[in-house]
2 protein chains.
Amino acid sequence: MADALTAKGRATRARLVAGAADVLREQGVAFTTLDDIRARTGTSKSQLFHYFPDGKDELLLAVAQFEADRVLEDQQPHLGQLDSWESWQQWRDVVVERYEQQGDQCPLGALFLQVGRSRPGARAIVTELMRQWQQQLADGIRALQANGLVSSALAVDRTAAALLAGIQGGVTVMMSTGDSTHLKAALDTGIEHLRSTVAPDAAPPISGTAAAAPH
Amino acid sequence: MADALTAKGRATRARLVAGAADVLREQGVAFTTLDDIRARTGTSKSQLFHYFPDGKDELLLAVAQFEADRVLEDQQPHLGQLDSWESWQQWRDVVVERYEQQGDQCPLGALFLQVGRSRPGARAIVTELMRQWQQQLADGIRALQANGLVSSALAVDRTAAALLAGIQGGVTVMMSTGDSTHLKAALDTGIEHLRSTVAPDAAPPISGTAAAAPH
DNA sequence: CGGAAAATGGACCGGCAAGTCCAGAAAGGG
DNA sequence: CCCTTTCTGGACTTGCCGGTCCATTTTCCG
């Protein structure tokens, strides 16, 4: 039997993935060797290949999945409850804070570029993450519509796609320039765009909440 | 004197950069060796190090600059003339086409991740590109304002930043999923956002030009 | 022409990092 | 308590790839 893992085995494997994720965040994929990971996690070469027989690629893939799982988790519970302007604003703040803290590391992007075309699994991980993310944003917009806060004529999926793109791009730019202006601009403009479509019947005035901050 | 390049020398150097750019687009930075580049460009190791004494990093940096220069060029002349809805639409189409054609290659992103933290120059190249790009978008929005097509109350720089983020993110997502939906959504939603702020005095009705295409 | 500077070819080196292997320690379970 | 399976340690191999070096050819310029 191929995967008969004891408790100790599972622990070692998990330590390997988490430790690898840390090292990769710090040094970047291109500059990280298996020996770095081995040293950090207090393991030996044989353990690494015992749990990841296909070597580095397989480990990297596991780390990618590990990181992908984190992304949406870190945005909860707000991302799952986008039914009022307040919750959108809180979510926005969490996103900004999370990525500002992450700084110029984009573990997932880097991993994807590295493993990308060699292993088909990498693409699947990112695609699935994007799908779920956009789904939750779309659900949030629909919740606003249900509450009469956003025009029901709005193209929900397209708007959610645009917002997701803005976030991704904001993060991309921040990684390059070290500045979160674009991320904030994308989020704020996206939310402002939602607010500007307020349904004609129940339309509370736009308070300065999201429209502040010139640049 | 360090940089006394003859005509022949300049040609070889240029061939090296252009050829390297091709190979890097095809194979990705991580999987490209100096020998690949040497083979493709019909040069020898000594030539490579003759023109790029600091080796691979220096060559990669030159390629990054080469690619960066292309990005804005490919969007001209539209990007420099964004003074009517038609020109915005044409520009949008060019951007979509350019990146759809590029497919899942992002030479600049990949180069940045590879050279990124080792050479400070890499960050400068990307930062400058973003600055110019956003500048031209902002100029375009101001041109619309001057023509009374967009409310003069709009925060130009923030909107331009959000639009740029949307483009970057759209490209990022397309690289991962192979699908340009998000890029189009970001561009169309961005333009729609501009249209929705039409100045109260001179406000021609919104024709279906940009608001078409559900998803 | 002729000498200097630039350009070119390609053999060679050295290090590094992925992956292999086997011996031995620790669990597990009947 | 013993035998099997899993887990661990670390030395070793192997190939690749960035970088060096020097001999040779070509170009430039007075």
Inset, instruction - Look at the side-chain N and O atoms of A:Tyr51 and state whether any lies under 4.0 Å from the OP1 or OP2 oxygen of D:dT8. - result: yes
Inset, instruction - Determine yes or no for a side-chain-to-main-chain donor-acceptor pair under 3.5 angstrom, with B:Asp69 supplying the side chain and B:Phe66 the backbone. - result: no
Inset, instruction - Could you tell me the separation between the CZ atom of B:Phe49 and the P atom of D:dG18, rounded to a whole number of Å? - result: 8 Å
Legend entry - B:Glu192/B:Arg195 salt bridge by N-O under 4.0 Å criterion: no
Legend entry - Spacing of B:Arg10 atom CZ relative to C:dT8 atom P, expressed in whole Å: 13 Å
Inset, instruction - Check whether any side-chain nitrogen or oxygen of B:Gln47 sits under 4.0 Å from OP1 or OP2 of C:dT8, and answer yes or no. - result: yes
Legend entry - Base of C:dG19 paired with side chain of A:Lys56 (donor-acceptor, under 3.5 Å): no
Inset, instruction - Indicate, yes or no, whether a donor-acceptor pair under 3.5 Å links the base of D:dG19 to the side chain of B:Lys45. - result: yes
Legend entry - Value in whole Å for how far the P atom of D:dT24 lies from NE2 of B:His50: 19 Å
Inset, instruction - Check the distance between D:dC7's P and A:Leu48's CG and give it to me in whole angstrom. - result: 14 Å
Inset, instruction - Could you tell me whether B:Trp88 and B:Trp85 have their ring centroids closer than 6.0 angstrom? - result: no
Legend entry - Atom-to-atom span, CD of A:Gln27 to P of C:dC16 - whole angstrom: 15 Å
Inset, instruction - Using atom CG of B:Asp35 as one end and atom P of C:dA11 as the other, report the distance to the nearest whole Å. - result: 12 Å
Inset, instruction - Given salt bridge (Lys or Arg N to Asp or Glu O under 4.0 Å), test B:Arg25 with B:Asp22 step by step and report yes or no. - result: CA-CA 5 Å; B:Arg25 275 169 177 257; B:Asp22 284 346; 5.5 Å; no
Inset, instruction - Look at A:Glu73 together with A:Arg70 and state whether they make a salt bridge at an N to O cut-off of under 4.0 Å. - result: no
Legend entry - DNA chain C: 5'-proximal contact among A:Leu34 and A:Ser46 (nearest heavy atom): A:Leu34
Legend entry - Phosphate OP1/OP2 of C:dT8: any B:Thr12 side-chain N/O under 4.0 Å: yes
Inset, instruction - Output yes when at least one side-chain N/O atom of A:Thr33 is less than 4.0 Å from OP1 or OP2 of C:dC16, else no. - result: no
Inset, instruction - Send over the distance from A:Lys8 NZ to C:dA26 C1', rounded to a whole Å. - result: 5 Å
Inset, instruction - Quickly work out the B:Arg15 CZ to C:dA7 P distance and round it to whole Å. - result: 12 Å
